[in-house]
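Worksheet for the structure shown next.
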Amino acid sequence: MATRRSRPSPERPAPVVDRVLQTLAQKTDGLELPAVEKISGSQRDDPFQILIATLLSARTQDATTLAAATRLFARARTPQAMMRLSEQQIEQLIYPVSFYRNKAAFVRATSRALVAQHGGQVPRTLPELVKLPGVGRKTANLVLILAFRGTESICVDIHVHRIANRLGWVRTRTPEETEQALYARVAKRWWPLINRYLVAWGQNVCRPVYPRCDRCAIAADCARAGVRSRS
Ligand code: SF4
């Protein structure tokens, strides 16, 4: 899996990108936070819990992720405690998150790797994080941002990928391509914030189907690339 690529520096970020992100900073203030950010806040930025919650959140509704993580962390809050649970116990605790069997295996294997290879601590670098079972770039970047206050990462999930393309900021086929393109397109001060803004916008306004373009605060700056239907 790719870890880090050379990043063209954003010498002259497009003013429109800055304007859109400034607007989103205001408009998303007060909207419900994504599940992992809620967990990050409530667990005082515990890196292990942020890592596990992010693993659980893939392709899963926020409310389901939050409930599953709460049940799991009530039983095990550390890698050592997690290893004392069987895979079946973890499955039962996290059900009904999507792919709960695979995720239970990853949770246990990652806990084991943290204990065996990192002294029970979550590593602080992308190359180390993406070597953990089940951890891809999205999870690793979000852990760096939320748990370690990282400023060198952009976390690109399906919302960020979709909206960055609709806005016309990038023309990419995969979240990984979008991540690399955004490093070149967006001023660095926004990097750790893009995920929060675009996930909130994607859940409330720029939805995958029937985006609410007619009531969108950034419509004037949006190319609406690939958008066929509007509510
Ligand atoms: S105008 Fe439509 S496509 Fe563009 S960001 Fe807003 S909701 Fe999404």
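As the structure lists them, so they are numbered: ligands from 1, and atoms in each ligand from 1. Throughout, residue positions are numbered sequentially from 1 according to the sequence presented. The structure presented is a predicted model; accordingly, all values stated were derived computationally and were not measured.
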Under 2.8 Å from atom 6 (Fe) of ligand 1 - protein N/O/S, by chain and number: C216 SG

Check ligand 1 against V227 and write out every atom of the ligand that is under 4.0 Å from a heavy-atom position of the residue. 3 (S)

Can you list, pair by pair, the side-chain donor-acceptor contacts under 3.5 Å of residues 122-136, counting residues two or more places apart and other chains?
{"unit_1": "T125", "atom_1": "OG1", "unit_2": "E128", "atom_2": "N", "d": "3.3"}
{"unit_1": "T125", "atom_1": "OG1", "unit_2": "E128", "atom_2": "OE1", "d": "2.7"}

Please check if the side chain of T174 supplies one atom and the backbone of E177 the other of a donor-acceptor pair under 3.5 Å. yes

Give a yes or no answer on whether the side chain of R71 reaches the backbone of Y95 with a donor-acceptor pair at less than 3.5 Å. yes

Reported OG1-to-CG distance for the pair T65 and L55, which is rounded to 0.5 angstrom: 11.0 Å

Are R19 and D221 within salt-bridge range, i.e. N to O under 4.0 Å? yes

For the backbone of D157 and the side chain of K138, can you confirm whether one donor and one acceptor N or O come within less than 3.5 Å of each other? no

